[in-house]
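Following: one structure in C-alpha cells, then a few remarks.
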Amino acid sequence: MSESVTLQTYLDRWAGGDAGKAAVAAAVKAIAEAGVGIADLVARGPLEEGLAKIRGVDPNAGGDAQKELDVVAEERILAALKTTPVAFLASEESEDLIPVNPAGRLVVAVDPLDGSSNIDTNVSVGTIYSILPYDPAAHASPKDAVMRPGRHQVAAGFLAYGPATILVATFGEGTHVFVQDRRTGEFLLARAHVEIPAETKEYGVNQSNVRHWDAPMKGYIEDCLAGKEGPRGKDFNMRWVGSMVADAFRIFTRGGVYLYPGDRRKGYADGRLRLIYEANPVAFLTEQAKGGATDGKTRILDIAPHHIHQRIPLVFGSKAEVEQIASYY
Ligand code: AHM
Ligand code: MG
C-alpha cells in the first residue's frame, strides 16, 4: 500500500514556502480541527439533547430557526481561527462579519452546521467553508472582500459528520477527499482529484415543492419521471437526504445532480441555499471535480452578491445533466 498522506502533509506540500498559501493552509487546518470537536458533539446525539433545541425565538441571520448546536459550532470555528491569519469571519449564524485577527489577510465564510434541522434524526450534517483573500489596501471594507463572485475563492470545502468524518477540499487544483482516521485522529487523503461523472441518472430535490416551482423546473422533473418512455429516454433514480453536505458527498462519490430551485413560497423566490457560504464553496468544489453549478441561467461562480446572507437557486453536479437542466431555462 502506498504511503498515507495526512492533511498536514498535504497542506505543507501544497503551500511550499509561500506565505500566502501557508495562511490558507492554516485556516483549513483550523477549520478541520474545529470540525473534529463538532463531530464529537454531533455524535453524542440525544445524549446532548439540549444542543438540538431551538434557541429562543430569534431566527439566525439567514432567517432560519437557530439551534444551540449551530451557535456552538460557530463558536468552535471562531476559536480555532483566532490563531490563524484570518481577518474576518462571515457566518450563517451572525448578521455581520466577525473580526478575528487584525493582521489577517483572508476572510472565511462558513455555514457552521449545515443541515442542522436534521441533527436529532442522526443523518449526516456538516460545516461548509469558503476562503477569500482580503487586502485592506484594495478593499474599502472587509465586506467588500466577501461580496465578490465565487470565482475569487482561494479555497473551499466542507466537512460531513456521518459514519465517517470526511473533509472535501479544494485549493483550486482539483477536489480531494480526506477521511478522519478514528484510530489516530488524523485526516488522511482518501481520494485525490475526484471526478464527478458527466452523465447521471440520479437527481436530488425536495419534490414535495413541485406545485411551487416555475415551468422549466417542473418540465425537467416531469421528463425525468417519464423515464425510458419520455423525452430523456432513460429511467431516473431519486435521492434526497435534505442535508446538502450529505447529498453533495454522494454526488462527489457517484455523480448525480442536486437541485434547490426558487419557488413561489414566501421567502423562497431564490430557493433556500445561501450564495456566499453554501453555493459558492460547493460550486468551486464541483467545478474542480469536473462538474457544473448554476442557478439555472448563470454559472454560480460568476454571480456578484448583493447581500452576505442572500439566497440563490442552486443546481450542481454531473456536468452534462446540469447543462441539460440549464437548457430548460
Ligand atoms: P440550513 O443551512 O438551515 O441547514 O439549510 C440548508 C439545508 C440544506 O442542507 C438542505 O439541502 C436543505 O436545506 C433542505 O431543505 P428542505 O428542508 O426544504 O428539504
Ligand atoms: Mg446550510
Side-chain angles (χ1 to χ4, degrees), residues 35 38-39 41-42 51-56 58-74 77 89-95 109-130 156-162 166 168 202-213 217 221 238-252 256-283 285-286 293 295 300 307-317:
I38 298 167
L41 286 175
V42 169
L51 292 177
K53 289 232 166 72
I54 294 183
R55 226 185 190 226
D58 294 335
N60 65 18
D64 290 321
Q66 192 177 45
K67 292 197 166 171
E68 209 52 51
L69 198 52
D70 284 313
V71 178
V72 174
E74 181 189 79
I77 293 162
L89 177 67
S91 160
E92 178 172 10
E93 306 308 329
S94 297
E95 183 62 39
V110 290
D111 179 352
L113 200 62
D114 182 60
S116 66
S117 61
N118 295 312
I119 38 185
D120 38 12
T121 66
N122 201 30
V123 302
S124 301
V125 292
T127 296
I128 312 174
Y129 66 88
S130 162
F158 66 81
L159 287 132
Y161 314 123
I166 55 111
V168 184
E202 198 162 72
Y203 68 89
V205 73
N206 184 342
Q207 206 152 318
S208 65
N209 295 325
V210 65
R211 69 192 180 288
H212 306 299
W213 294 338
M217 181 63 199
I221 295 295
M238 208 280 277
R239 284 287 181 275
W240 179 253
V241 180
S243 197
M244 190 177 60
V245 291
D247 286 305
F249 191 65
R250 183 186 62 254
I251 291 169
F252 285 106
V257 279
Y258 172 103
L259 304 98
Y260 212 117
D263 70 48
R264 277 194 283 271
R265 283 173 298 164
K266 192 170 177 281
Y268 280 81
D270 290 317
R272 180 172 166 92
L273 282 307
R274 268 51 63 119
L275 174 59
I276 288 179
Y277 41 80
E278 294 181 316
N280 274 342
V282 164
L285 290 165
T286 303
D295 69 351
I300 293 291
H307 189 280
I308 295 187
H309 299 289
Q310 89 182 68
R311 296 174 194 263
I312 197 80
L314 176 61
V315 174
F316 72 88

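Counting starts at 1 for both ligands and their atoms, in listed order.
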Out of all atoms in ligand 1, which are within 4.0 Å of some heavy atom of R274? Include the element for each. 1 (P), 2 (O), 3 (O), 5 (O)

Salt bridge (charged side-chain N to carboxylate O under 4.0 Å, His left out) filter on D270, not counting sequence neighbours, yields none

Heavy-atom nearest neighbour of atom 6 (C) of ligand 1 within options N206, D70, V245, D114: D114

G115 N/O to ligand 1 N/O under 3.5 Å: yes

Check whether S243 reaches the backbone of S124 with its side chain - one donor and one acceptor, N or O, closer than 3.5 Å. yes

Check the orientation of Y268 and Y260. Use parallel for under 30°, tilted for 30 to 60°, and perpendicular for over 60°. parallel

Would you call the rings of Y258 and F316 parallel, tilted or perpendicular if under 30° counts as parallel and over 60° as perpendicular? parallel

Sub-4.5 Å side-chain heavy-atom contact between Y161 and L41: no

Atoms of ligand 1, numbered as shown, that sit under 4.0 Å from any heavy atom of E278: 2 (O), 6 (C)

Are D70 and S116 linked by a side-chain donor-acceptor pair shorter than 3.5 Å? yes

Does ligand 1 have a heavy atom under 4.0 Å from the side chain of M244, from its backbone, from both, or from neither? both

Atoms of ligand 1 under 4.0 Å from any heavy atom of E92, numbered from 1 in the order shown, are 2 (O), 3 (O)

Output all residues satisfying salt bridge (charged side-chain N to carboxylate O under 4.0 Å, His left out) with R239, sequence neighbours left out; order by chain, then residue number. none

N/O to N/O below 3.5 Å, does that happen between R272 and ligand 1? yes

Distance-only N or O hit between ligand 1 and D111, under 3.5 Å: yes

S117: heavy atom below 4.0 Å from ligand 1, yes or no? no

Mark up the atoms of ligand 1 that fall under 4.0 Å of a heavy atom belonging to W240, in ascending order. 11 (O), 14 (C), 19 (O)

